[in-house]
Protein chains: 4
Amino acid sequence: MKGEETRRRIVRAALELFSERSYHDVSMEEIARKAGVSKGGLFHHFPSKYELAKEALFYGLEIWGREVISRIQPLESAEERLWAIIDASFDFVIQSLKFSRFFLEVYEESLKQKNGLDIWKAFGSEYLGILEDIFREIGAENPRVRAFLLGALVDGFALDYLVFRDEVSVEEAKKEAFRIFTCTKRS
Amino acid sequence: MKGEETRRRIVRAALELFSERSYHDVSMEEIARKAGVSKGGLFHHFPSKYELAKEALFYGLEIWGREVISRIQPLESAEERLWAIIDASFDFVIQSLKFSRFFLEVYEESLKQKNGLDIWKAFGSEYLGILEDIFREIGAENPRVRAFLLGALVDGFALDYLVFRDEVSVEEAKKEAFRIFTCTKRS
Amino acid sequence: MKGEETRRRIVRAALELFSERSYHDVSMEEIARKAGVSKGGLFHHFPSKYELAKEALFYGLEIWGREVISRIQPLESAEERLWAIIDASFDFVIQSLKFSRFFLEVYEESLKQKNGLDIWKAFGSEYLGILEDIFREIGAENPRVRAFLLGALVDGFALDYLVFRDEVSVEEAKKEAFRIFTCTKRS
Amino acid sequence: MKGEETRRRIVRAALELFSERSYHDVSMEEIARKAGVSKGGLFHHFPSKYELAKEALFYGLEIWGREVISRIQPLESAEERLWAIIDASFDFVIQSLKFSRFFLEVYEESLKQKNGLDIWKAFGSEYLGILEDIFREIGAENPRVRAFLLGALVDGFALDYLVFRDEVSVEEAKKEAFRIFTCTKRS
DNA sequence: GATGAATGAGACTTCATTCAT
DNA sequence: CATGAATGAAGTCTCATTCAT
């Protein structure tokens with residue numbers, strides 16, 4: 001199946017470019033060049049730039065998701081699993097610093113589409129579900145909300161770290177995040 | 001001075017539009033129309049779209065900053081002040097939901113400029129300094145990092161709330177955030 | 001190949017327009033209209049106005065160069081060849097009066113480009129080489145410099161003739177130019 | 001008279017800028033800044049950019065003309081005077097290399113004006129008259145045309161020298177020019 | 001399946017010029 | 001005399017998308 005292979009090549013090229021520069025700064029022409037396809041070829045496989053970006057984004061998220069899950073699976077205690085997630089998330093964030101920006105941009109575009117928001121919930125819910133279970137085990141008062149906050153923290157960290165990278169140590173940040181998110185005040 | 005008044009009108013128009021739609025979706029033409037100026041007039045006051053956006057962003061940040069500080073000032077205990085900040089920050093995020101996106105976009109543009117990152121540090125440092133003092137008083141192990149994490153949480157919250165607004169209650173989020181950020185494990 | 005044909009049509013349209021009016025007075029829109037292409041089509045074939053102008057200029061120069069060489073080839077004596085060149089050069093200048101202005105304008109633009117001067121040397125050197133050989137045969141003291149001066153004279157003539165066309169006869173100018181450039185003082 | 005002084009300052013600023021960069025590349029704003037005047041001030045003194053450029057050009061030409069004449073006056077023989085002119089002209093050309101380009105540009109603009117050509121003849125005729133007298137004394141067959149050719153040579157030299165400055169020595173060029181322009185074949 | 005020529009709308013920006021103050 | 005805010009037309013260029021081959 002030659003088409004499938006081409007399609008994958010396009011998605012990978014797009015993901016790389018979108019992870020480096022902003023949605024509007026990457027042109028279809030450039031993606032085509034990088035993927036070794038003609039411009040027409042792109043539109044043969046994807047009806048629009050937005051659809052391609054969306055697919056590239058989810059491709060990236062899936063890779064990351066699998067990574068996280070594989071790290072968690074062998075672990076027993078909720079705290080260990082939480083640490084593994086924080087560890088993996090923060091690492092991911094600084095490995096592909098601009099990825100979150102890409103996330104936001106695709107999100108931005110999705111707002112202009114009909115029912116554009118729907119695609120996000122599916123993904124987010126799965127992630128939140130895992131965290132929620134962990135926080136419930138730990139004994140947090142409001143596991144769902146705490147899960148949401150950790151997600152937000154990771155996303156925000158991705159943004160801010162770009163600015164303050166020389167003032168904050170990632171390892172310290174992980175430890176502090178772990179510390180506060182495992183906090184269960186009893187009183 | 002007539003110029004100053006026009007300039008302010010432009011900044012306000014820009015802020016409004018940028019808070020609603022993305023940087024690339026708002027054209028200078030549109031800003032001009034909304035401000036009641038000619039397109040040329042815009043460039044008389046601002047050398048480029050980016051500079052205008054930057055000014056509009058900082059105009060917005062300043063408003064918000066003043067609001068937060070006025071809420072904090074009368075408060076005595078560190079915990080009260082922390083709550084006031086969380087309260088104000090989350091409220092601000094909800095009120096002008098898209099503002100953070102705008103923040104990110106200007107930030108994005110600034111990466112393309114020479115020394116583009118510098119402008120952020122000044123603002124961020126002031127904010128972080130205030131938080132750091134609070135966390136020191138509270139007795140956090142690593143006040144600087146915790147301050148940074150709260151900043152990140154707020155930024156991330158702004159993003160994610162757009163997607164999950166019907167699943168998460170802002171008030172619950174505030175409370176949970178306050179809970180974990182005031183956590184000081186002694187053990 | 002359809003693209004090649006369109007490209008040629010564009011170049012020809014550009015040459016015509018640039019030969020009539022100045023670089024800044026001719027807009028890409030106008031060239032597109034004349035070539036029967038859309039504005040975007042121009043930029044599909046040429047990355048910028050400058051590149052298009054450059055190509056149009058060299059297209060014109062090549063036509064002229066071929067003409068000159070075909071006139072020279074059958075001639076034996078150096079003096080005959082010199083006359084043929086002067087004859088052809090002055091004629092060319094009169095025929096396409098504004099062409100030299102165009103030459104100068106592209107040259108002007110090239111100064112703003114990196115290594116912009118390089119393109120001229122190649123062309124100029126070939127032309128100068130031919131002249132130098134002729135002057136050496138004639139017995140000029142400094143054939144290289146004299147070749148350069150004849151080139152300069154032709155270029156300057158192109159400019160000045162625009163102003164003084166009703167005071168100077170081209171044929172007389174040719175003769176006088178031939179007279180002084182064949183001069184070899186022995187003393 | 002304060003106005004006169006301002007006017008002169010503007011003309012000088014304009015001349016400097018136009019000698020460095022092209023007519024279209026120099027904006028009225030820039031001239032105003034350099035002259036220490038407001039943009040409105042420029043238009044108070046000159047009705048348009050073209051008129052200002054024209055005045056600046058003639059201001060430059062006059063300076064140069066006076067220089068040449070002062071060098072010639074004390075000289076007796078026609079050959080000495082010719083040498084002085086060639087010497088001065090070539091020197092002038094390389095001192096303010098871009099001046100001739102400026103000349104051409106103003107000329108270009110003048111073509112768009114009604115009766116735009118007239119202004120040139122006056123100046124050119126004076127210059128040509130002086131040369132013509134010299135060539136008549138020397139015994140040239142066609143003094144008028146030869147005068148015209150020397151003018152053209154100088155203008156063309158200005159252009160070409162920019163490209164070939166490292167291949168041609170100005171002093172050699174002067175000598176060779178003098179040699180051929182004093183040539184009087186008797187036969 | 002794939003190509004790449006072609007489109008056309010729209011973007012940012014520049015700039016000479018005008019005019020109220 | 002002088003200012004500088006304001007204008008509006010025009011310019012170059014970008015880019016997602018379409019379509020004949």
Side-chain angles (χ1 to χ4, degrees), chain A residues 1-4 6-7 24-33 36-53, chain B residues 1-7 10 23-32 35-52, chain C residues 1-7 10 23-32 35-52, chain D residues 1-7 24-33 36-52:
Chain A
M1 221 172 263
K2 187 122 167 301
E4 262 318 299
T6 305
R7 191 186 167 87
H24 283 93
D25 279 357
V26 175
S27 69
M28 290 298 262
E29 173 109 33
E30 206 174 350
I31 297 172
R33 210 164 36 234
V37 197
S38 73
K39 231 195 301 187
L42 245 59
F43 285 89
H44 182 73
H45 287 285
F46 300 93
S48 71
K49 185 182 186 182
Y50 166 65
E51 291 297 330
L52 168 53
Chain B
M1 219 168 257
K2 187 115 170 302
E4 265 316 304
E5 158 55 17
T6 304
R7 192 188 167 89
I10 293 172
Y23 182 79
H24 283 93
D25 281 354
V26 175
S27 71
M28 290 299 260
E29 173 109 30
E30 207 172 350
I31 298 173
V37 198
S38 72
K39 228 190 313 178
L42 248 58
F43 287 90
H44 179 67
H45 289 283
F46 301 93
S48 70
K49 186 181 184 182
Y50 167 66
E51 290 297 330
L52 168 54
Chain C
M1 219 167 255
K2 187 115 170 299
E4 265 315 304
E5 158 55 18
T6 304
R7 192 187 166 88
I10 294 173
Y23 182 80
H24 283 92
D25 280 355
V26 175
S27 72
M28 290 299 261
E29 173 110 30
E30 208 173 349
I31 298 173
V37 198
S38 73
K39 228 191 313 181
L42 248 58
F43 287 91
H44 178 68
H45 289 283
F46 301 93
S48 70
K49 186 182 184 182
Y50 166 65
E51 291 296 330
L52 169 53
Chain D
M1 219 173 262
K2 188 121 169 300
E4 263 316 300
E5 159 54 16
T6 305
R7 191 185 167 88
H24 284 92
D25 279 356
V26 174
S27 70
M28 290 299 263
E29 174 109 32
E30 206 174 351
I31 297 172
R33 209 164 36 235
V37 197
S38 74
K39 232 193 304 185
L42 244 60
F43 285 88
H44 183 72
H45 286 285
F46 300 92
S48 72
K49 187 182 186 183
Y50 167 64
E51 292 297 330
L52 169 53

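In this text the structure is predicted, and so the values were computed from the model without any measurement. Throughout, a chain's letter reflects where its sequence line sits, starting with A, and its residues are numbered from 1.
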task = Applying side chain to side chain contact (heavy atoms under 4.5 Å, CB included), run through D:L52 and D:M28 and close with a yes or a no.
result = CA-CA 10 Å; D:L52 169 53; D:M28 290 299 263; 4.3 Å; yes
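- Rounded to whole Å, the distance from NE2 on A:H24 to P on E:dC12 is 11 Å.
- Straight-line distance from the CZ atom of A:R33 to the P atom of E:dA2: 19 Å, rounded to whole Å.
- In this entry the distance linking CD1 of B:I31 with P of E:dA11 reads 11 Å, nearest Å.
- Every residue two or more places apart in sequence or in another chain that forms a side-chain contact (heavy atoms from CB on, under 4.5 Å) with D:H45 is listed here: D:T6, D:R7, D:I10.
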ask   = Just the dot-bracket of DNA chain F, please: which string comes out with Watson-Crick or G-U pairs under 3.5 Å, [ ] for crossing, | for another strand?
value = .||||||||||||||||||||
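- Across all their heavy atoms, A:H24 and A:K49 have their closest contact at CA-NZ, 4.1 Å.
- For D:K39, the salt bridge (charged side-chain N to carboxylate O under 4.0 Å, His left out) partners at least two apart in sequence or on another chain are D:E29.
- The nucleotide whose nearest atom lies closest to any side-chain atom of B:T6 is, among E:dC15, F:dA5, F:dT7, F:dA5.
- Backbone-only engagement by D:S27 is indicated by non-hydrogen atom pairs under 4.0 Å involving sugar-phosphate atoms exclusively.
- Using a 4.0 Å heavy-atom distance criterion, C:K49 is classed as a sugar-phosphate-only contact.
- Take the nearest nucleotide of DNA chain F for A:Y50 and for C:K39: the residue whose nucleotide is more 5' is C:K39.
- In this view, C:A32 and C:L42 satisfy the side-chain contact (heavy atoms from CB on, under 4.5 Å) rule, not counting sequence neighbours.
- Straight-line distance from the CE atom of D:M28 to the C1' atom of F:dT7: 16 Å, rounded to whole Å.
- When rounded to the nearest whole Å, the span between CD of D:E30 and P of E:dT14 equals 12 Å.
- Applying the ring-ring contact (aromatic ring centres under 6.0 Å, His included) test to B:Y23 and every residue at least two apart in sequence or in another chain returns B:F18.
- If you find the closest nucleotide of DNA chain E to B:E29 and to C:V37, the one lying nearer the 5' end belongs to C:V37.
- For the segment residues 40-47 of chain C, residues with any heavy atom less than 4.0 angstrom from an atom of DNA chain E are, sorted by number, C:G40, C:G41, C:H44, C:H45.
- In this structure, the CD atom of A:E51 is 14 Å from the C1' atom of F:dA16, given to the nearest Å.
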